[in-house]
Undergrad: 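Sharing a structure here in structure tokens format.
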Amino acid sequence: MKKILIVEDEESLAEFIELELEHEGYEVLTAYDGRTGLEIALEKDIDVILLDLMLPGLNGLEVCRRLKSNKETPIIMLTARDSVMDRVMGLDSGADDYLPKPFAIEELLARIRVVLRREEKKSMDPSMNLTFKDLELDLYSRTLTKDGNNIELTKKEYELLLMFMKNINRVLTRELLLDEIWGYDSIVETNVVDVYVRHLRNKIDKHEKESYIQTLRGTGYVMRE
């Protein structure tokens, strides 16, 4: 049975989500503040965390950052704040998806299923390294090195680079990247893909004459040999 942790200070909403999840066959734990939620997430094996952004004690961004520095538990962030920068901040802190309030419970359930399927696919990937020029991506430790030097990536930056390095010479559209990394029917807009490509370039393109990731105007991106 998959275990889901709800970290939400609005008790009526938390109880409603809990009932719906239990009806779907999930085991559910609930916390009403950030510190308690973080403690539970660190102590127990959780399959998915539903994390509110505005929480007493520790806010959702801080909970997400602290948790992701220790574990890779998938996080779906729930928040009434819905600007592009709010979404980017949430995803940069390590969240796997972002759902604005108010939301339909059917959509939340679908997002959970997508995240769980994505995690199952990752667990089936063989341990191996991918290389492109002087970049080496270790799929087991999820780390990147360039000429032997470590480059720290956020979760989404890693997943984005992994997509490019698995598809050398293939043009990847923004829509495809959005679906593969943020999930089908994600509310994240395609310009968020551009933001993450820019972040990734800033880390891997230092001292390079041209970017590893080339832009095809109006289409998407490609890594070419």
Side-chain angles (χ1 to χ4, degrees), residues 1-10 12-31 34 37-38 40-41 44-55 59-61 63-65 67-68 71-124 154-160 162-163 174-193 195-196:
M1 182 183 293
K2 297 296 185 181
K3 188 179 296 183
I4 297 179
L5 170 62
I6 303 168
V7 188
E8 167 64 64
D9 65 331
E10 188 179 337
S12 59
L13 176 59
E15 290 170 1
F16 168 70
I17 296 173
E18 181 178 353
L19 288 172
E20 292 291 334
L21 292 177
E22 288 177 342
H23 180 72
E24 293 294 319
Y26 297 109
E27 180 181 347
V28 183
L29 301 174
T30 304
L38 180 60
I40 294 173
K44 298 184 179 296
D45 292 326
I46 306 293
D47 293 292
V48 180
I49 298 173
L50 306 180
L51 179 63
D52 187 27
L53 180 61
M54 305 301 291
L55 290 166
N59 65 44
L61 291 177
V63 171
C64 193
R65 290 191 191 99
L67 178 63
K68 290 293 187 175
K71 301 175 77 172
E72 286 293 324
T73 310
I75 294 174
I76 300 176
M77 196 160 278
L78 310 176
T79 176
R81 297 168 64 178
D82 191 31
S83 72
V84 170
M85 285 313 301
D86 285 329
R87 277 174 274 176
V88 169
M89 287 174 62
L91 296 167
D92 264 347
S93 68
D96 296 79
D97 202 351
Y98 192 108
L99 188 60
K101 300 176 183 178
F103 52 81
I105 191 64
E106 292 81 7
E107 182 175 7
L108 176 60
L109 294 172
R111 298 296 183 87
I112 292 171
R113 290 193 294 269
V114 167
V115 168
L116 288 173
R117 284 198 300 269
R118 195 183 305 146
E119 292 301 306
E120 287 172 2
K121 284 183 181 179
K122 288 179 188 175
S123 67
M124 293 187 289
T154 67
K155 181 178 177 65
K156 292 301 179 190
E157 289 166 355
Y158 168 84
E159 292 175 355
L160 187 60
L162 178 61
M163 274 291 293
R174 291 172 176 82
E175 291 76 16
L176 175 63
L177 292 168
L178 198 64
D179 286 349
E180 290 292 327
I181 296 172
W182 282 273
Y184 180 71
D185 282 344
S186 174
I187 50 83
V188 177
E189 299 170 2
T190 54
N191 61 350
V192 172
V193 175
V195 171
Y196 273 85

Undergrad: Pick one: which of Arg113, Lys156, Arg111 meets salt bridge (Lys or Arg N to Asp or Glu O under 4.0 Å) with Asp97?
TA: Arg111
Undergrad: Just how far is it from atom CD of Glu27 to atom CD1 of Ile4, taken to the nearest 0.5 Å?
TA: 10.0 Å
Undergrad: Do side-chain atoms of Lys3 reach the backbone of Leu29 as a donor and acceptor pair under 3.5 angstrom?
TA: no
Undergrad: Above 12 or not: heavy atoms from other molecules or residues under 6.0 Å from NZ of Lys44?
TA: no
Undergrad: What distance do Met163 atom CE and Leu176 atom CG have between them, rounded to the nearest 0.5 Å?
TA: 4.5 Å
Undergrad: Which value, rounded to the nearest 0.5 Å, describes the distance between Thr73 atom OG1 and Leu51 atom CG?
TA: 11.5 Å
Undergrad: Treating Asp52 as the side-chain partner and Val7 as the backbone partner, does any N or O pair qualify as donor plus acceptor under 3.5 Å?
TA: no
Undergrad: Can you measure from CG (Leu108) to CD1 (Ile76) and round to the nearest 0.5 angstrom?
TA: 6.0 Å
Undergrad: Flag the pair Lys155 and Asp96 as a salt bridge only when some basic side-chain nitrogen lies within less than 4.0 angstrom of an acidic carboxylate oxygen.
TA: yes
Undergrad: Any chance you could lay out the side-chain contact (heavy atoms from CB on, under 4.5 Å) test for Leu21 and Ile6, step after step, and finish with the verdict?
TA: CA-CA 10 Å; Leu21 292 177; Ile6 303 168; 4.0 Å; yes
Undergrad: Measure across Tyr98 and Thr79 and return the closest heavy-atom pair with its distance rounded to 0.1 Å.
TA: OH-CG2, 2.9 Å
Undergrad: As an exercise, state the distance from CE of Met54 to CG of Asp9, rounded to the nearest 0.5 Å.
TA: 9.0 Å
Undergrad: Donor-acceptor pair, distance only, cut-off 3.5 Å: does the side chain of Glu8 make one with the backbone of Glu10?
TA: yes
Undergrad: How many angstroms lie between atom OH of Tyr26 and atom CD1 of Ile112, to the nearest 0.5 angstrom?
TA: 5.5 Å
Undergrad: Would Arg118 and Glu159 pass as an ion pair if we require N to O under 4.0 Å?
TA: no
Undergrad: If you look at every heavy atom in Val63 and Gly34, which pair is closest and at what distance?
TA: CG2-O, 3.6 Å
Undergrad: If we check side chain to side chain contact (heavy atoms under 4.5 Å, CB included) with Met77, which of these qualifies: Leu61, Ile49, Leu50, Leu99?
TA: Leu61
Undergrad: Which atom names give the shortest non-hydrogen contact between Gly37 and Leu5, and what distance separates them?
TA: O-CD2, 3.6 Å
Undergrad: Over all heavy atoms of both residues, which pair between Ala41 and Ile46 is shortest? Give the atoms and the distance, please.
TA: CA-CG1, 4.4 Å
